[in-house]
Every structure is written in C-alpha cells, then in structure tokens.
Protein chains: 2
Amino acid sequence: MTLSARPIETAAHDRLYRSLRQQIMHGELLPGQALTLRGLGKAHGVSMTPAREALRRLVAEGALTLSSSGRVATPELSNDRIEELAALRALIEPELAARALPRAHLALIDRLAAINTSNAEAVAKQDAVAYIRTNLEFHRTLYLRAQAPAMLAVIETIWLQLGPTMRALYGRVQRNEPPRHHRMILAALRAGDEPALRLAVRTDVTHGLRHLAG
Amino acid sequence: MTLSARPIETAAHDRLYRSLRQQIMHGELLPGQALTLRGLGKAHGVSMTPAREALRRLVAEGALTLSSSGRVATPELSNDRIEELAALRALIEPELAARALPRAHLALIDRLAAINTSNAEAVAKQDAVAYIRTNLEFHRTLYLRAQAPAMLAVIETIWLQLGPTMRALYGRVQRNEPPRHHRMILAALRAGDEPALRLAVRTDVTHGLRHLAG
DNA sequence: CATGGGAAAACGTGATCACAAATTCCACCT
DNA sequence: AGGTGGAATTTGTGATCACGTTTTCCCATG
C-alpha cells in the first residue's frame with residue numbers, strides 16, 4: 001500500500017491541495033465549513049499524512065483558518081477584513097492590467113470577450129460557482145499577459161481568501177446584472193488606454209465587494 | 001516519547017516554523033541553502049513530521065523553493081523576480097504608511113527613531129543580519145499602526161521571499177550609508193504630510209532593491 | 001587527468017500507531 | 001422541561017517505518 005514519490009504523476013498531497021484550492025477559490029465551500037484530516041483522507045482515499053500537508057499549505061495561504069485547537073475550517077471574514085482584501089485587489093490588479101496592456105493583442109481580447117459571455121450565462125443561470133469561476137478566469141487570463149508571476153501569485157492568494165465569502169455573498173449583491181465593468185475593461189484594452197484600463201479594473205474589483213461591508 | 005498537542009505551549013511544528021521564518025526573513029540563510037526533513041528534525045530534536053509541516057508552510061509562503069524532486073532550499077531569485085517583489089513593496093507599503101499616518105503619535109515616532117538608531121549601528125558594525133532585522137522592524141512598527149492585518153501579512157510574505165537575497169546583496173549595495181530615507185519618513189510623519197510620506201516610503205523601498213537588478 | 005557508471009547514502013512520501021486534548025452526546029439530576 | 005456532568009467519540013500531533021527515487025561519492029575506464 002505504500003505509494004512513495006512517483007516519477008511522473010503528482011504527489012497525493014499535491015492533488016488534494018489543488019482540488020481543495022479550486023473548490024475554495026470558486027466558492028464551492030461555504031464560510032465556516034470544517035475540514036478534518038481523517039475526513040478528507042477518507043474522502044480521497046489517502047491517509048492523514050497527505051491531507052495534513054494539503055491543509056497546512058492552504059492555511060499558510062490564508063485559504064483556511066486554524067482554530068486554537070488546531071481545527072481547520074473555511075474562514076468567516078469580518079467586514080474589515082473584506083474591505084482590506086478589496087483594497088489589496090484595487091491596489092494590485094490595476095497594476096497587473098497595466099503591465100498586460102502592451103502585450104494584449106486582439107486574440108487575447110477575443111478570448112476575454114468569450115469568457116465574458118460565459119460569465120453572463122452564469123449570471124442568467126443564477127449559478128454562483130460558475131459566475132465566480134468565469135469572473136476570476138477573466139481577470140487571470142488578462143493578468144497572465146503581465147509576465148509578473150509574483151504579483152499573480154499574490155492576487156490569487158487574495159482571491160483564495162475571498163472565495164467562501166464571495167459565494168456566501170452571491171445573491172445578495174449579484175441580482176441579475178451582467179459584468180458591466182468587464183466591457184469597460186475590454187474597451188480600454190482595445191483603445192490601448194492605460195488610465196481608463198486602470199480605472200475600469202479598479203472599479204470592477206471594488207464594485208462587487210464594497211457594497212456588502214457598508 | 002510521544003509528545004502530542006500541549007495545552008499551553010505551541011506545537012513543535014509551529015516553533016520550528018517560527019524559528020526558520022525568522023532566520024529566513026532576517027537574512028541568516030544564504031540563497032540556495034538546502035534544508036532536509038531529517039536534518040532539521042535532528043537539529044531541533046524532533047521527528048520528520050513537524051519538520052515537514054514547517055517546511056510545507058514556508059514553501060507555501062514562498063519563503064522556500066521546492067525542486068522537482070521535492071527537495072527544499074532557500075530561493076535564488078532572478079532579477080526579474082526581485083524587481084517584481086520590489087514593485088509589490090512599492091505598491092503596498094506606501095498604502096500601509098498612509099493608513100498608519102493618522103494614528104502615528106509622538107510615542108510611535110520616537111520608537112521609530114530609536115529603531116533607526118539601532119539600524120545605523122548595524123551599518124557601522126557591518127552586521128548584515130542586524131541591519132536587515134532593524135530595517136524591517138522600522139517598517140513593521142509603522143505599519144502595525146495601519147490596523148490592516150491582511151496587508152501586513154502580504155507584505156511580510158514578500159519580505160520573507162526577499163530575505164536570503166537581501167542578505168546576499170548586503171555589502172554590494174550597502175556600503176556605509178545610513179538609512180537616508182528613514183529620516184524622510186520620520187519627517188513626513190511629524191509633519192502629517194501624506195504625499196511626502198508615500199513618496200519617502202516608496203523611495204526607501206525601491207532604493208535598496210533597484211540597483212542590483214540593473 | 002578527465003569521465004562515465006554503479007554502489008551506497010540520503011531524501012521525500014505515505015501509512016500507521018499512540019497519545020492527549022477537544023468535542024459531542026446522552027443520561028441524570030434539579 | 002432545562003441545564004449539568006461525565007463518558008465516549010472525534011480530532012490534531014508526533015514518532016516511526018517502509019518504499020522508491022534522487023543524489024552523492026568513488027573507483028575503474030578511456
């Protein structure tokens with residue numbers, strides 16, 4: 001039964017980590033949801049050891065919170081914390097967009113528009129997870145062009161921290177509105193207008209998150 | 001020999017994590033230094049398990065790099081990566097300083113001045129570790145007043161990633177100059193001048209890191 | 001003297017177990 | 001009926017082991 005380091009396929013703890021990370025970032029887990037080592041291990045057919053490493057990694061990234069007794073759960077963010085994370089997004093994402101702008105050719109803009117269409121469909125279907133997923137995909141696709149892996153890693157960590165909260169907030173702030181500001185982002189990209197792009201990204205980021213904390 | 005979760009004292013993996021984190025952030029470890037589970041465990045009188053958790057956590061924070069075979073070492077950053085991390089510092093730290101400004105009373109400014117004195121002493125003694133430590137303490141003491149724990153966590157993660165590199169670079173960029181811009185930061189704090197504070201912090205941050213990448 | 005190959009040592013990964021703390025649950029008492 | 005105490009279950013932590021890979025080291029070969 002001992003499966004040690006494999007040559008090609010990824011390690012069990014890494015697969016578990018990726019699986020959980022995606023669930024959290026896409027809002028498939030509600031805030032306050034508890035995760036146990038034995039439960040996760042049993043659910044994925046592995047022992048406690050890989051589960052422990054995956055959880056430790058996610059806790060280190062702020063995706064999960066650690067109670068005083070060592071128990072792990074998805075975070076229930078305070079309004080202050082949400083505002084702070086929104087401020088970080090508003091600070092970093094315009095910079096990433098601006099760095100991507102010179103490299104944003106037509107093919108990329110078309111791909112962004114396609115993702116935006118999927119996003120609108122998710123809104124129409126009232127599918128919270130698909131909405132969050134396509135929304136983040138829109139931003140990530142743009143920021144990948146910035147050639148700034150460290151910045152991208154930081155911003156993804158922040159998305160990760162907001163995952164469960166964004167899910168819980170969907171339906172309260174998102175009624176049936178399509179992603180308005182995404183069209184402004186696309187227009188600014190086409191025009192090569194950096195100030196307009198920075199403003200559009202900043203507005204898009206703060207718009208969804210500013211309402212709930214008030 | 002089994003020492004399980006203690007009621008009061010922190011867990012072994014947490015102590016190990018803190019110890020390593022401080023060593024890395026303060027530049028006590030040079031880039032490329034390898035760290036092994038058995039070696040760390042033996043050095044700290046614990047088994048592989050806590051060492052594994054501590055390393056996994058530090059890797060998740062970007063403080064250590066993971067080779068394709070799973071081996072862990074302090075990072076050897078490329079110039080592009082260093083510039084990017086410097087850009088993140090230049091983006092976030094002025095914001096933290098600006099948020100701390102309204103709450104920065106005289107007692108805080110005096111403490112900052114005292115830390116600055118220790119910093120100057122470290123420069124005089126050519127003590128790289130003490131220089132890095134007091135320099136970060138100067139910034140952290142100010143930013144703590146910003147009441148922004150998420151931003152502080154992000155910026156500390158970035159300091160952590162730069163730790164070994166800053167150590168390796170000390171002596172190349174740091175000749176015998178005292179921290180010039182720290183005095184500008186203190187002056188802006190005393191004057192309550194936010195634009196000047198933002199500029200001083202930004203300049204201080206970029207000054208030390210911009211030279212080496214060119 | 002440089003180089004390639006093979007044995008040996010070192011390493012990460014995952015499973016399992018023991019232990020103590022934390023949590024849960026239910027019967028019992030007020 | 002509503003809390004209360006204690007037992008039973010659940011949980012995280014750390015140690016240890018086996019396994020297969022990776023790295024290191026050294027000697028033999030060109």
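Quick note on labels: first sequence line is chain A, next is B, and so on, each numbered from 1.
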Quiz prompt | Pair A:Asn119-A:His182, side chain to side chain contact (heavy atoms under 4.5 Å, CB included): steps then yes or no | solution = CA-CA 10 Å; A:Asn119 193 346; A:His182 283 198; 3.7 Å; yes

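Rounded to a whole Å, the CZ atom of B:Arg57 is 14 Å from the C1' atom of D:dT13. The distance between atom CG of B:Leu37 and atom C1' of C:dA10, rounded to the nearest whole Å, is 11 Å. Between the CG atom of B:Leu40 and the P atom of D:dA15 there is a distance of 13 Å, given to the nearest Å. Distance A:Leu55 CG to D:dT11 P: 12 Å, rounded to the nearest Å. As rounded to whole Å, 15 Å separates atom P of C:dG12 from atom CD of B:Glu53. The distance between atom NE2 of B:His13 and atom P of D:dT13, rounded to the nearest whole Å, is 4 Å. The CG-C1' distance, from A:Leu35 to D:dT10, rounds to 15 Å in whole Å. Between the C1' atom of C:dT16 and the NZ atom of A:Lys42 lies a distance of 13 Å, rounded to the nearest Å.
Taking the side chain as every heavy atom from C-beta outward, B:Gln161 and B:Glu61 never approach each other to under 4.5 Å. The closest side-chain heavy-atom distance from A:Leu112 to A:Ile185 is not below 4.5 Å. Contact of the B:Asp14 side chain with the B:Arg57 side chain is registered, since non-hydrogen atoms from C-beta on lie closer than 4.5 Å.
Looking at the side chain of B:Pro50, the nearest of the listed nucleotides D:dA15, C:dA22, D:dC17 is D:dA15. Looking at the side chain of A:Arg71, the nearest of the listed nucleotides C:dG14, D:dT13, C:dT23 is C:dT23. Taking only side-chain atoms of A:Arg38, from C-beta outward, the nucleotide of D:dT13, C:dT13, D:dG14 with the closest atom is D:dT13.
For the pair A:Ser47 and B:Val72, both in contact range of DNA chain C, the more 5′-proximal nearest nucleotide belongs to B:Val72. Place B:Ser67 and A:Thr36 on DNA chain D by their nearest nucleotides, and A:Thr36 ends up nearer the 5' end.
Applying the 3.5 Å distance criterion, the base of C:dA15 shares a donor-acceptor pair with the side chain of A:Thr49. Not a single donor-acceptor contact under 3.5 angstrom links the side-chain atoms of B:Arg52 to the base of C:dG12.
When the side-chain nitrogen and oxygen atoms of B:Ser69 are compared with OP1 and OP2 of D:dT22, none of them lie within a distance under 4.0 Å.
Side-chain atoms of B:Tyr143 and B:His139 include a donor-acceptor pair closer than 3.5 Å.
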